[in-house]
Each structure stands twice: as C-alpha cells, then as structure tokens.
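Following: one structure in structure tokens, then a few remarks.
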2 protein chains.
Amino acid sequence: MRVTINDIAKKAKVSPSTVSRVIADSPRISEATKEKVLKIMKEMNYHPNMIARSLVNRTTQIIGVVMPGMAEQSLQHPFYPELLGGIASMANKQGYKILLANVSTVDEEREMVKELTFGGITEGLILLTSRDDNPTVEQLVKNNFPFVVIGRTENPYVNWVDNDNFLIGYQLATYFIEQGHRSIAFLGYSPGYRVTRDRLNGYKKALEEHDIPFDSRMVIESKFISDNGYDLMKAFLAQGKSPTGVIACDDLLAFGAIKAIHQAGLRVPDDIAVAGINNVPLADYYNPPLTSVKINAFSLGTKAFEMLQTIMGSNIRSYNQAIIPAELVIRSSTQRG
Amino acid sequence: MRVTINDIAKKAKVSPSTVSRVIADSPRISEATKEKVLKIMKEMNYHPNMIARSLVNRTTQIIGVVMPGMAEQSLQHPFYPELLGGIASMANKQGYKILLANVSTVDEEREMVKELTFGGITEGLILLTSRDDNPTVEQLVKNNFPFVVIGRTENPYVNWVDNDNFLIGYQLATYFIEQGHRSIAFLGYSPGYRVTRDRLNGYKKALEEHDIPFDSRMVIESKFISDNGYDLMKAFLAQGKSPTGVIACDDLLAFGAIKAIHQAGLRVPDDIAVAGINNVPLADYYNPPLTSVKINAFSLGTKAFEMLQTIMGSNIRSYNQAIIPAELVIRSSTQRG
DNA sequence: TTGTAGGCGTTATCAT
DNA sequence: ATGATAACGCCTACAA
C-alpha cells in the first residue's frame, strides 16, 4: 500500500490537515511541527498523490498537444519535433507536463479531443493544424475550452500563432525575381492547406509587382509535406517545362526536385535555382546547400504555450494572434557563380 | 459547473450507482433504465471525469516517455521522432496516452521521474537512454516501477529493447572490407555512450577477422548525434590521414564528413567511401545517396510499448530483452563505379 | 497553531 | 435490478 497523508499524520501524531499544510508550505504552521512532519515524510518516502490533489483543486498541470496525420508519419518531418521541443521547453519551465496525442484520422482526432477536454485531464490544448476544414476547432470553440492553434484558421474566435506565409512566398519570389528569374515554378501547392495557398498568393503578388504574368502551369500541386518532390519535378521537366527557378513549399520537396533536375542533366543553380522552406538541419549539408526559409518552429512552440497559459489563467476569453518572423537563409542553391 | 454523475442520477431519478453501471456498461441493469440514462447523459452532455475515476481504480491509462538531452535538441534528430511515433501508435491502439517528458539535465530527469513514478499519474515509463551511467534506471529498479529502456543498460534487472549495435558495426566494416577497403575511419565514437562503443567493437572484430590491424588513429571521437561531422572530418583530413572509407555513427555526421571530403577536393565514393547509420529520410536524397543502416526506430518504439504493457499487466517481475534487427541499405556513397 | 468534517466525482460492496 | 454507503487521497473552510 502506498503511503498517504494519513500515515504521515498518525506517525507524526498530528492531523492530516497539518500534514497537508506542510506540503503546501503554509505559513499557518509552527516551525517545529513542520520540521517533524517533513522528517517523517522523508523517512516514510512519502509523495503526494497528484490524482487526488487534482480531483480537489481541478488542476492537473497537464496540457495536451494534438498532432495531425498518420501517427506513423506526422512526427517524421523535422518541423514537428522542433515545434514540440519549443512547447515542451516552455511548458516544463512553467511546471506543466505534456500529453502527446498524435491521431491518424479526423474521427480519431474528434474522439481524442473529446476525451481530453471533457475528461478533465488536460487544462488546455495546443493544436497543430493547417487544414482548412477543422471540425475540432469548432468543437473546442463551442465548448469554450482553452486552446491555441499552431497554424491559422478561418474562425476568428481562436488564438493562433503562425508564420506569415504570404510574406514568405512574397519574399522568396521577390528574391528570385531580383536575381533575374522570370520563369519560376512553385512546387508543392496543396489546395486543402492554407499554408501553401498563402505562400502561393505571396508568390503571385511578387510576380504582379514586377509585371510578370502568372502562369498557372508553373504551379505544381502535391500533398503537403511529402518527399515526392523527385517524382513531381521529374514529371514536370518531362513535360518540357523549363523554369529557371523553383520555389518549393518544403525542403524535402526541394531535395527531391534537385535530384530530378540533376538527373535530367541540368545543374543547380546554374540552370535552375531551387529554394525550399523550413530550413531543415540538412539544408546546410546538402549539395548544393539549399536556400531556405527559417520558420523558427521552436519559437512557434514557445509562443503557443505562452499564449495558452494566458488563456488558461483567466476566465475572460480573449483572442490573440501571433506572427513568428521567418528569415530567408540564402545558400548556394540559388546563387549563381 | 461541470455535469457529474449525480446530476444525471437526479434528472433520471435513479441512484448514482445506477448511472455508474450504465457507464461501465454493466449487465446487471435493465435495458429500459439504461436507455433512459444514456439519453439524459447525451442531453446534458455528460462526460466522466477521468481524474475521479483514476483515484478510485488507480489506473490512469497514461505512460510516460522520458527523453534525454536538452529540450532544445533532443527531438531534433529524426531518430527520436520516429521512435516516438512507434510508441504512440502502439499506445493509442491500446487506449494509452503518452506523457512526454523531455528533460535537459540529470537533475531534471531525476525530479521528473520521481514525480512520474510517485505522483500516480503514469502507470509505466519508457526511458530513452544510451549513456552508461544512468541513475534513473537504478532509481526505478529500486522502486520496482514498471519501465522499459530503449537502449541498453549494464543493470541486468531491466527490460530493454535495442538494436544489436555490435552487429551493425561488424556488418558495416565487413561490407567495407569486402569492397576492398583496408583503411577505414570510424567517425563518431563517444566513450560515454555504449551505442558507439558496441559499434566500434563490432568494427574491430571485423578488422580482426580479416587480419587488418586496428589503428586507433582511425577512430574519430565526437559527441554522439551531433552535426559537427564537417569539422571533425576536416581536421582529420588536415592531419594528412587518408582512409579509403569512413563509417560514421550517424547519418548527420556522414553528411558533414562528405561535405568536408568534397571540399578537400576528393570524391565520394571514388576517393573515400562513406556510410552512415540511422537511415534518415534524406539519406536517399543526398548527393551522393548515402549508404546507411536502417535501425527501424518505429519498431523499437512499438516493441518497447508492448513490453511495457506486459510488465504493467502482471505483478511478477520479469526481465526481457528484445533486439530489433537493423538492415544495411546500400547506396551510391559506397559503390564505386 | 492545530484539528474536525465535508467534499472533489467515481467505483465497489453490500444490502434490498 | 437498484440503492445506500463507504472508500480513493487530498484540500479547505470552520472550529477550537
């Protein structure tokens, strides 16, 4: 049997409440008994039962992090781990623990979120999402449960933190144009994902500002975050398209694209310049080193937790949005010698 | 105020126990009242409080996963996420949730583990570790708390799952030797980590079997899992060493090494063949594609959870070990044209 | 400063 | 088949 507050009380010949006060480090207690109780607690190797404590003061110090996508794949992208690291680092610092829920399907997500919100085990939720249609968000809003979305939603009544993806697309395209490119492919547009839409819109805006007509055939669609850049690019080149630059929505796509370009007997960046987004660790080690956009996923995570803590801390609802700045990291894959 | 079992009972004009029976789907209840209660539960949007439930039946359906290293870095390596995915996928399937604890220091780890074991919130623990001296393990053994280590420990009274790192080192070295290499550098040996020691020993064994004298100067030390392969290799080459092959303890090290080799005006694999370990997603996209060893981190995770569940399920302690097979994935970085 | 008693939401044991 | 009652371990008025 585990040792409880009562065991301590008996041994110390005090009441359970006194022991409780010692645990809470209450000032309403004499130094003497405090010492005595503490000593006995140590002797008996006592540790408070968090479950019982949670039951009475309705606080678990646990937040849930819901990750989308197949459990088998969602964590594979370097973007997610970094995000998770950011959340965890901040959460731990504030005494919170993280319940990780990576779900495979929307149904699973709905069930999981329901459990987490109503089960009373998590005090708040951080949702990683980028899909437009997210029933989970509506569900949470309706239940008035504290949560923060990493990504962006159409619903204005949510707290979110995100990069400015429009700006990212705009800056990348502008950079390419300034380097003299007029024919720039956009690799990785995925209609269901706002991230890629925003980026594409930024790209269009840049073209427009420089009087370059937008050519929809330069847009290569794909599932977001996948490594089929090779196949996509290969097919694209096989159609006889010949851009001088490629902006990929993800570094992994870019790596694949570069491979296809090389295989087609073309050089990067001399024939085709390529840039990615996310600045994965290997971007710097690739051959050629890949120009990318550092989106600061870690900061995205820390900021999300901060925001969540703010919400959890007050019962008046506020709706905040935070933009984490991204920075262009220029490397050889876009710099012609 | 949240709706409880009592609210339901009142509204349904039954006793709380009856409601509880409905929740538990007990057979000792009439179909009629069951329907009635279920209807009211739905009407009032009732959801059982897991905390209260946990308090009485001492089961939270939560396991803890303790990750070492700086919160800022530990999750960065593709190896960990994949592992986590494996654990999560299996755990979710079995109705368990995961509490993620990534700790930065040994002190933090000790504290965290203490909380998790005594707090009553996790039923079991999975420990990611590879360092030799792990006080946490001793602590857990002493407390007779169910846990599984991913990696290996000196202590025989622990359940662990791991790859056969000796075999990995042996197979890689044998492969190199069979390709005609006689001078093979071993990059990434880190004395404190058994993983690298085992791999190095496997490497030595292979050399020995082929009567190749072991040259300690061919061993390049480093911190495990770090991306300074570039610097290490650069310094190594600057010393005038000229191996024909390099076995790196990690793909990231290998990528860095290749970069340094290229920069020294040498070719891979023609001048120096390079292989890594872990088979990160990008190994296939690198230029040249990197020969590596697939360690099946996902399986490591699923197996670890299975093992943990076995332990948690019975109160007689058993000590099992599982070896997850690894496979050599040969790519261009070691294949001379 | 310390003790008593009631309650947090559920489940389990006995009755009925 | 259903209800009353007592836990589970802790906290917190309210008393003393």
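Using a 30° and 60° split on the angle between ring planes, A:His47 and B:Phe118 fall in the parallel class, below 30°.
Remark: side-chain polar atoms of A:Asn159 are paired, donor with acceptor, to backbone N or O of A:Ser318 under 3.5 angstrom. When atom types are taken as modelled, the side chain of B:Asn49 and the backbone of B:Ala52 share a donor-acceptor pair closer than 3.5 angstrom. Counting only distance, with no hydrogens or angles, the side chain of B:Gln321 and the backbone of B:Trp160 share no donor-acceptor pair below 3.5 Å. Looking only at distances, a side-chain donor or acceptor of A:Thr60 sits under 3.5 Å from a matching main-chain atom of A:Ile121.
Atom CD1 in B:Ile5 sits about 14 Å away from atom P in C:dC8, given to the nearest Å. One interatomic measurement links the two molecules: CZ of B:Arg2 to P of C:dT10, which rounds to 7 Å at whole-angstrom precision. Here C:dT1 presents its C1' atom at 16 Å from CD of A:Glu35, a figure rounded to the nearest Å. For the pair A:Ile51 CD1 and D:dC11 C1', the interatomic distance rounds to 16 Å; values are reported in whole Å. Rounding to whole angstrom units, NZ of residue A:Lys36 and C1' of C:dT1 are separated by 12 Å. Residue A:Lys10 contributes atom NZ, which lies 14 Å from atom P of C:dG3 at whole-angstrom precision. Between the CD1 atom of A:Ile121 and the P atom of C:dG9 there is a distance of 16 Å, rounded to whole Å. The distance from atom CZ of A:Phe118 to atom C1' of C:dG9 is 17 Å, rounded to the nearest whole Å.
Residue contacts for B:Ser30: at a heavy-atom cut-off of 4.0 Å it reaches the sugar-phosphate backbone alone, with no base atom in range. At the heavy-atom level, A:Pro48 lies under 4.0 Å from the strands shown only through sugar-phosphate atoms. The residue A:Val14 sits close only to the backbone: its heavy atoms come under 4.0 Å of sugar-phosphate atoms, none of a base. In this structure, B:Thr4 reaches the sugar-phosphate backbone alone: every heavy-atom distance under 4.0 Å involves primed, P, OP1 or OP2 atoms, never a base. Counting non-hydrogen atoms under 4.0 angstrom, A:Asn6 reaches nothing in the nucleic acid. Note on B:Thr33: only backbone sugar-phosphate atoms sit closer than 4.0 angstrom, heavy atoms only; bases stay farther off. Residue contacts for B:Arg53: at a heavy-atom cut-off of 4.0 Å it reaches the sugar-phosphate backbone alone, with no base atom in range.
Residue-to-nucleotide proximity on DNA chain D shows that, of A:Leu55 and A:Ala24, the 5′-proximal contact is made by A:Leu55. Ranked by how close their nearest DNA chain D nucleotide is to the 5' end, B:Asn57 and B:Glu31 are led by B:Glu31.
A salt bridge links B:Lys39 with B:Glu43: at least one charged nitrogen is closer than 4.0 Å to a carboxylate oxygen.
Listed by chain and residue number, nothing satisfies the side-chain contact (heavy atoms from CB on, under 4.5 Å) test with A:Ala24 (two or more places apart in sequence, or in another chain).
Each end of the helix from C:dT1-D:dA16 to C:dT16-D:dA1 gets its own axis from five base pairs, and the two axes differ in direction by 40°, given to 10 degrees.
Distances from the side chain of A:Asn49 to the nucleotides D:dA15, D:dG9, D:dT2 place D:dG9 closest. For A:Ser17, the listed nucleotide lying nearest its side chain is C:dG3; candidates were D:dT2, C:dG3, C:dG9. Set against C:dT1, D:dC11, C:dG3, the side chain of A:Thr18 has C:dG3 as its closest nucleotide. With C:dT10, D:dA1, C:dT2 as the candidates, the nucleotide lying closest to the side chain of A:Ile29 is C:dT2.
With hydrogens and angles ignored, no donor-acceptor pair under 3.5 angstrom links the side chain of A:Ser20 to the base of D:dT12. Taking only distance into account, the side chain of A:Arg21 meets the base of C:dG3 through a donor-acceptor pair shorter than 3.5 Å.
Side-chain atoms of B:Thr18 and B:Ser15 form a donor-acceptor pair, as typed in the model, at a separation below 3.5 Å.
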